[in-house]
Visitor: 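Sending over a structure as structure tokens; questions will come in a sec.
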Amino acid sequence: MLWIALYFPALSLDWIERRFPEALIPAIGVTVRKGNQTCIQQANKPAQARGVMAGQPLASALAVFPDLVIMEQDPREEGKALQQAVYAALRFTPNIAVQNNGLIAEVSGSLKLFGSLKNLCQSLNRVVTAQGLQLSAGIAPTATAAWLLARSAQQGTVINGKGEEFRILLDALPVGLLESVQPHLEVIRGIGCKTLADLRRLPRSGVARRFGPDLPVELDRAYGDSPDPQKWFEAPEDFQQKIKMMGLVENTELLLVPAQRMVEQMCGWLALRHAAVSAFSFVLHHEYSLRQHHKFTSVNIRLSEQSSDPAHLMLLLREHLERTKIVAPVCELELTADEIAAGADGNLELFPTMQSETTSLNRFIEKLSSRLGPEAITGLKVVSDHRPEYSQRLELSGTGGLNPFSKRETNSQIIPPESPRPAWLREIPLELKVQRGRPVYESPLKLLAGPERIEAGWWNDAAIARDYFIAENNQGQLLWIYREHNPVEKDKGNKGGNWYLQGLFG
């Protein structure tokens with residue numbers, strides 16, 4: 001087994017900072033209660049630049065910088081931020097265990113898919129960092145070892161303990177990283193144990209008797225000498241995420257970063273269920289006001305073909321947001337997966353198949369529909385009618401309506417004609433001139449095939465009776481022409497009615 005642990009040392013601060021637009025992040029200090037005194041637990045970089053440091057009493061911090069934004073530590077909000085990080089990480093492995101201020105992922109089954117451990121670790125770190133969380137990472141054959149290495153690593157770095165090297169790395173770690181040591185930390189340091197190697201040299205029975213049985217068990221799990229079971233994260237049946245903004249937002253550009261994070265979370269949730277989304281909604285909740293009647297603005301997106309690709313879903317959402325007018329300041333965002341379906345495996349073949357080409361076309365149509373509006377994209381639909389002007393009609397082909405390319409279904413009621421049909425039909429047939437009894441279109445026409453009798457429409461008072469021909473002019477153009485069939489005139493000796501151009505071949 002192989003484990004990657006991600007530790008978030010500034011989780012108490014990160015969940016607050018990421019709710020501000022990046023350009024508007026103020027100097028923030030997170031406080032914690034220690035006995036009868038309130039102290040600064042963490043301070044962000046703007047606060048540190050003004051002299052506020054972790055461990056300072058709150059009164060001292062305010063004396064240094066009176067405009068400091070004070071936020072009390074909130075374990076509930078930290079838990080939400082941790083859950084959202086897990087959602088994003090689910091794209092890389094379904095086996096994730098939640099820790100205090102971090103997570104541990106078992107990734108041995110994902111190495112082949114991502115090519116190498118380096119690629120997998122970099123992709124995982126990049127996606128989780130994009131959630132607005134600072135992290136350090138550790139890699140080891142056991143979950144506890146990976147977690148200890150991640151906690152000992154500097155922020156933004158990875159300690160790779162793959163193979164047997166992890167034992168050497170563990171030996172050098174300070175004993176203060178072990179959870180079971182915390183109640184006895186001063187005593188253990190007092191007897192000269194500074195590293196895990198020092199602690200392992202002590203008699204096992206004496207350590208268990210004096211410091212409790214949990215300490216040797218934790219050591220054994222870290223070094224792989226005993227089983228290290230983990231409780232996997234269980235995602236809910238439905239996906240619905242909300243993010244409260246710390247500031248009021250009136251510009252859609254400032255919504256793109258949190259929207260990207262929420263889309264990544266949704267795609268991780270979909271990956272866990274081997275599913276894809278066919279419709280989702282992004283809701284902008286507005287600030288409450290007695291003069292403001294709009295409580296929210298909903299952006300509903302329906303795909304012509306289900307997808308779990310975060311880049312594609314974010315592209316569609318961005319295009320919709322650019323056409324959305326913000327009627328009031330936004331204070332909260334909500335993303336919901338409205339309709340999901342079984343996801344299809346990605347095409348990993350060397351040459352593109354018909355399915356992959358259709359998918360590319362569908363995504364192109366969805367992009368145009370999102371940018372121009374669904375009413376701007378139309379497609380042709382075949383209708384079961386022998387009359388040419390009624391045999392097809394235009395229908396919406398964007399994400400909001402019919403997409404003729406998404407499913408190539410055949411209608412058993414449509415009978416293909418025996419004679420060929422032109423690719424282009426005129427909306428209104430063009431009446432042709434006649435010279436010496438021959439129809440003319442740029443030159444006298446030569447009849448190549450026909451006649452083909454089409455007689456239909458008696459059921460809706462739009463009856464036709466026509467004789468169709470395939471004709472050619474001197475330029476080599478093939479035309480589909482007809483003349484009205486009138487039995488009465490034919491009985492009188494007349495050859496027929498006027499000639500009309502219906503369509504062009506080629």
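Remember, predicted model here, so these are calculated numbers, not experimental data.
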Visitor: CG of Leu6 to CZ of Arg151: how many Å apart, nearest 0.5 Å?
Guide: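 Here the interatomic distance stands at 14.5 Å.
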Visitor: Using a 3.5 Å distance criterion without hydrogens, assess whether the side chain of Ser136 forms a donor-acceptor pair with backbone atoms of Ala150.
Guide: yes
Visitor: Would you call Arg200 and Asp225 a salt bridge, using N to O less than 4.0 angstrom?
Guide: yes
Visitor: Are the side chain of Asn44 and the backbone of Ile28 linked by a donor-acceptor contact shorter than 3.5 Å?
Guide: yes
Visitor: From Met314 CE over to Met266 CE, what is the distance, rounded to the nearest 0.5 angstrom?
Guide: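 These two atoms lie 10.5 Å from each other.
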Visitor: Going by the angle between their ring planes, with limits at 30° and 60°, are Trp147 and Tyr7 parallel, tilted or perpendicular?
Guide: perpendicular
Visitor: Are there more than 12 heavy atoms of other residues, nucleotides or ligands under 6.0 Å from atom CD of Glu165?
Guide: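 Atom CD in Glu165 is not crowded, with 12 or fewer foreign heavy atoms closer than 6.0 Å.
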Visitor: Please report the interatomic distance CD1(Ile16) to CD(Gln42), rounded to the nearest 0.5 Å.
Guide: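 Separation between the atoms: 9.0 Å.
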Visitor: Do Glu106 and Gln230 have side-chain N/O donor and acceptor atoms under 3.5 Å apart?
Guide: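 There is no such pair between these side chains.
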Visitor: I need the Leu315 CG to His320 NE2 distance, nearest 0.5 Å.
Guide: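 If we round to the nearest 0.5 Å, Leu315:CG and His320:NE2 are 11.0 Å apart.
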Visitor: Any sub-3.5 Å donor-acceptor pair from Gln134's side-chain atoms to Leu11's backbone N or O?
Guide: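 A pair under 3.5 Å: no.
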Visitor: Does a salt bridge link Glu72 with Arg33, judged by any charged N lying under 4.0 Å from a carboxylate O?
Guide: no
Visitor: Assess whether a salt bridge exists between Glu237 and Arg273, defined as any Lys/Arg side-chain N lying under 4.0 Å from an Asp/Glu carboxylate O.
Guide: yes
Visitor: Could you measure the distance from the CG atom of Leu333 to the CD1 atom of Ile243? Nearest 0.5 Å is fine.
Guide: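 So the gap between those two atoms works out to 6.5 Å.
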Visitor: Inspect the contact between Glu334 and Lys244 and indicate whether a charged nitrogen and a carboxylate oxygen are less than 4.0 angstrom apart.
Guide: no
Visitor: If you round to the nearest 0.5 Å, how far is OG of Ser278 from CD1 of Ile340?
Guide: 8.5 Å
Visitor: What class does the angle between the rings of Phe239 and Tyr87 fall in, given that below 30° is parallel, 30 to 60° is tilted and above 60° is perpendicular?
Guide: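 Perpendicular, since the angle between the ring planes exceeds 60°.
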